[in-house]
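What follows is a set of notes on a single structure, which appears directly below.
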Number of protein chains: 2
Amino acid sequence: MSDVARRAGVSRATASYVLNRTPGARIPEQTRARVLEAAEQLRYVPHVSARSLRRGRSDLVVGHVDGTAVLRGGLSFVTLIQVARDVREAGYTFLIHGDPTVTGIPAARSWLALRPAAVVATLDRYTEDSVAMLAEAGTVPIALSHTPSDLTATVVIDDGDLGRTAAQHLLDRGCRRIVVLGGCSRLVDRQTLGHRMDEAEAAAEAGGAETRRVPFSPDRETAADLVRTWLADGTLPDGVVGATTTHAAHILTALVDAGVRVPEQVAVLAADDEPQAELVRPRLTTVSADLAADESRMADAVLAALEGRWDPELAVRRLPARLVPRDSA
Amino acid sequence: MSDVARRAGVSRATASYVLNRTPGARIPEQTRARVLEAAEQLRYVPHVSARSLRRGRSDLVVGHVDGTAVLRGGLSFVTLIQVARDVREAGYTFLIHGDPTVTGIPAARSWLALRPAAVVATLDRYTEDSVAMLAEAGTVPIALSHTPSDLTATVVIDDGDLGRTAAQHLLDRGCRRIVVLGGCSRLVDRQTLGHRMDEAEAAAEAGGAETRRVPFSPDRETAADLVRTWLADGTLPDGVVGATTTHAAHILTALVDAGVRVPEQVAVLAADDEPQAELVRPRLTTVSADLAADESRMADAVLAALEGRWDPELAVRRLPARLVPRDSA
DNA sequence: CTGAAAGCGCTTACAG
DNA sequence: CTGAAAGCGCTTACAG
């Protein structure tokens, strides 16, 4: 900036004023133009660290996602990307810190080294201690979760409708013995899936169906074993909701391989909609989270938090669910 | 740090020496311990911007990936994650800048605002101008690509073996009319897929098979149309290599739906290995990029670049391909 | 309207 | 061995 000022024949202060369009500083158009031209010629790029060091606050927002988790494409990642875009539009710099190994205090330390205005991370990255540490340092800790939390400001991604819609469709078809498959065991499931399966279970029960919740890891052997057990025990359900397209596709394939007719004997659908639903036979009926139709602006909540106002009402993203009828249910 | 120094009863300089373990500064063990304890009690976190502002160089490396592209899980993203891990282990701070909208000079500007030591981005984010701008500012521009480039230091992810292995398997089965499906049209394909399909085509031709390269977008209608055309024109191939599991799965499903026997009439396999290969019937034979078996340490190349030495030899990641035989070829 | 000056949090030659 | 001082690139009251 010194170079720019020198070239424009003004002081550094003046250069700063025009480059920042500081409100309240009336600079003659002539001078303004000279500074801008000098900046252009020298390809001036402001030094954000110096700026925020001086200002005492930064315009940096750091998101934290585990790179490998990203590949599973959970809703929290999708939401984070959208938040990133909106936060950038509001003039902040959004950077992703992806070290998968840190959580709690060590995570807070590595975020704080950057002195960001806020950090947005999945709820499991925070502890009571680390939230306090961040707040004390003036960094707003924002969590992403599928359920509310009072640990800190939390953006709630409510995917319950996916499960309810799925269960309701089975009930409407007349299913009376419903299996709710997956979304109950591992931490990963909880993070990626939220509580859609809890809701599916509740809805199926409320609808009067005999309902079972079954843990499931989506692979060929598990699916084949499960179907074998059902057949041996005579506990074949007449409807199955899979937590993801992959869950549902595996059980569907295993059923067909075992000679069970889908959907006549067992109707199968997924509380989720991935392209592979088209690839299995019969084609898999799914429930889609209609992100495009989603009106909630998560970023508004995040931006509010950045300015010290946190409105939990704003921060709930209720995902609209839409049935995508195909052939399996 | 002033607080820490005061609490430990030493000067800020001394505090800095012990906190940074500055080599050549002999501080008595007593003093050291006092400083460390004070830092612990005050939960001191160094301010990286202040440090790099003073030092004139930063330990920041920024990666640039488009968040939505990430979800497609291309090899460049997987590689970037691994580079990130290694770069972090070497003591750098690795941050991801994911603004999908910028490229060329605007991208360079937004990276430079952070004054990083290096940036790692897919080749298409760079232009001649932006590379020069970065270099001039002392930031090392590193590209990720599937083919070499002399624009700047480039990490080459060579996925050619995937295509060769796939084609060779079809040749070994006796296929003489081979279709190489996809990986030729859109920029996206190029980025995600590299040149595996070029190599598949070359290998099939070299093996004496009549070879056709066919553009393909992996959806149901396109697949059905293509199969219909083949049947109508009498141009049904006896072997198909799909660019991805999804490509191959769609054509496989369309063939089966049309009453074609797979693999007897047409053998199908993917130059790629995704879990859904297990879900289609017949199960899809694939070729897996054995990342775990890959010995190349991309980070060595990147770290060398950071220190001003760039060794193109180090920077080629030749992905080992392994056939995963299932039922479709 | 414009400039000189202080200071953000750090590091590092340089004196003591 | 330890401290006082300068300075990285910027912003912003404060004087002129």
Side-chain angles (χ1 to χ4, degrees), chain A residues 1-36 38-39 42-60 91 93 109 112-117 136-139, chain B residues 1-36 38-39 42-60 91 93 109 112-117 136-139:
Chain A
M1 185 182 269
S2 292
D3 296 344
V4 173
R6 198 173 316 119
R7 181 159 192 142
V10 299
S11 74
R12 288 152 61 219
T14 307
S16 172
Y17 287 139
V18 354
L19 260 10
N20 290 306
R21 296 185 201 72
T22 312
R26 303 274 88 220
I27 311 284
E29 191 48 49
Q30 266 254 12
T31 315
R32 254 179 56 79
R34 277 214 318 284
V35 172
L36 258 16
L42 295 174
R43 296 192 171 207
Y44 171 70
V45 178
H47 192 307
V48 296
S49 315
R51 171 180 297 173
S52 52
L53 182 58
R54 171 57 233 236
R55 280 206 181 138
R57 64 201 150 74
S58 86
D59 67 347
L60 179 68
T93 302
R109 294 180 69 93
L112 279 184
L114 303 166
R115 298 292 193 281
E136 199 179 330
T139 290
Chain B
M1 186 182 269
S2 293
D3 297 344
V4 172
R6 195 172 319 118
R7 181 159 192 141
V10 299
S11 74
R12 288 152 60 218
T14 307
S16 171
Y17 288 139
V18 354
L19 258 13
N20 290 307
R21 295 186 201 73
T22 312
R26 304 272 89 224
I27 311 282
E29 190 48 46
Q30 266 256 9
T31 315
R32 254 180 57 80
R34 276 215 317 283
V35 172
L36 258 16
L42 296 174
R43 294 190 172 209
Y44 171 70
V45 177
H47 192 307
V48 297
S49 313
R51 171 180 297 173
S52 52
L53 182 58
R54 170 60 232 238
R55 281 209 180 135
R57 62 200 152 72
S58 85
D59 66 347
L60 179 68
T93 302
R109 294 180 69 92
L112 278 183
L114 303 166
R115 299 292 193 281
E136 199 181 329
T139 290

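Atoms considered below: every heavy atom in the structure, side chains included; atoms not considered: hydrogens, waters and symmetry mates. Here the structure is a predicted model, which means the values were calculated and not measured. Convention: sequence-line order gives letters A, B, ...; per-chain numbering from 1.
- For Arg32(A) and dC1(C), the CZ to P distance is 13 Å, given to the nearest whole Å.
- Distance Leu53(A) CG to dG7(C) P: 14 Å, rounded to the nearest Å.
- Across all strands shown, dA4(C) remains unpaired; no Watson-Crick or G-U wobble contact has both distances below 3.5 Å.
- Arg21(A) contributes no side-chain N or O that, together with a main-chain N or O of Val18(A), makes up a donor-acceptor pair within less than 3.5 Å.
- The base-pairing partner of dA13(C), taking Watson-Crick or G-U wobble contacts with both distances under 3.5 Å, does not exist among the strands shown.
- Between Arg12(B) and dC10(C), a side-chain N or O to OP1/OP2 separation shorter than 4.0 Å is absent.
- Side-chain N or O atoms of Ser58(B) include one that pairs as donor or acceptor with a backbone N or O of Arg115(B) at under 3.5 Å.
- No engagement by Ser49(B) is indicated, since no non-hydrogen atom pair under 4.0 Å with the nucleic acid exists.
- Among the atoms of the strands shown, none is found under 4.0 Å from any heavy atom of Ser2(B).
- Atom CZ of Arg51(B) and atom CZ of Arg57(B) lie 10.0 Å apart (nearest 0.5 Å).
- OP1 and OP2 of dG7(C) both lie 4.0 Å or more from every side-chain N or O belonging to Arg54(A).
- Each of dC1(D), dG3(D), dC8(D) was ranked by its minimum atom distance to the side chain of Ser11(B); first place goes to dG3(D).
- What separates CZ of Arg34(A) from P of dC1(C) is a distance of 15 Å, to the nearest Å.
- In this model, the phosphate group of dC8(C) is not approached by any side-chain N or O of Ser52(A) to a distance below 4.0 Å at OP1 or OP2.
- Checking Ala13(B) against Thr14(A), the closest nucleotide of DNA chain D that is more toward the 5' end is the one next to Ala13(B).
- Distance, Arg55(B) CZ to dA13(C) P: 11 Å, rounded to whole Å.
- Remark: side-chain polar atoms of Arg109(B) are paired, donor with acceptor, to backbone N or O of Tyr44(A) under 3.5 angstrom.
- Taking side-chain N and O atoms only, Ser16(A) has a distance below 4.0 Å to OP1 or OP2 of dT11(D).
- Checked against dT12(D), dG9(D), dT11(D), the side chain of Arg57(A) finds its nearest nucleotide in dT12(D).
- If you measure from atom NE2 of His47(B) to atom P of dC8(D), you get 18 Å, rounded to the nearest angstrom.
- Remark: Asn20(A) CG to Met1(A) CE distance equals 5.5 Å, nearest 0.5 Å.
- Here the side chain of Tyr17(B) is nearest to one of dT2(C), dG3(C), dA13(C), namely dA13(C).
- As rounded to whole Å, 10 Å separates atom P of dT12(D) from atom CE of Met1(A).
- Here the C1' atom of nucleotide dT12(D) and the CG atom of Leu19(A) are 15 Å apart, to the nearest Å.
- Put simply, CG on Asp59(B) is 11 Å from P on dT11(C), counting in whole angstrom units.
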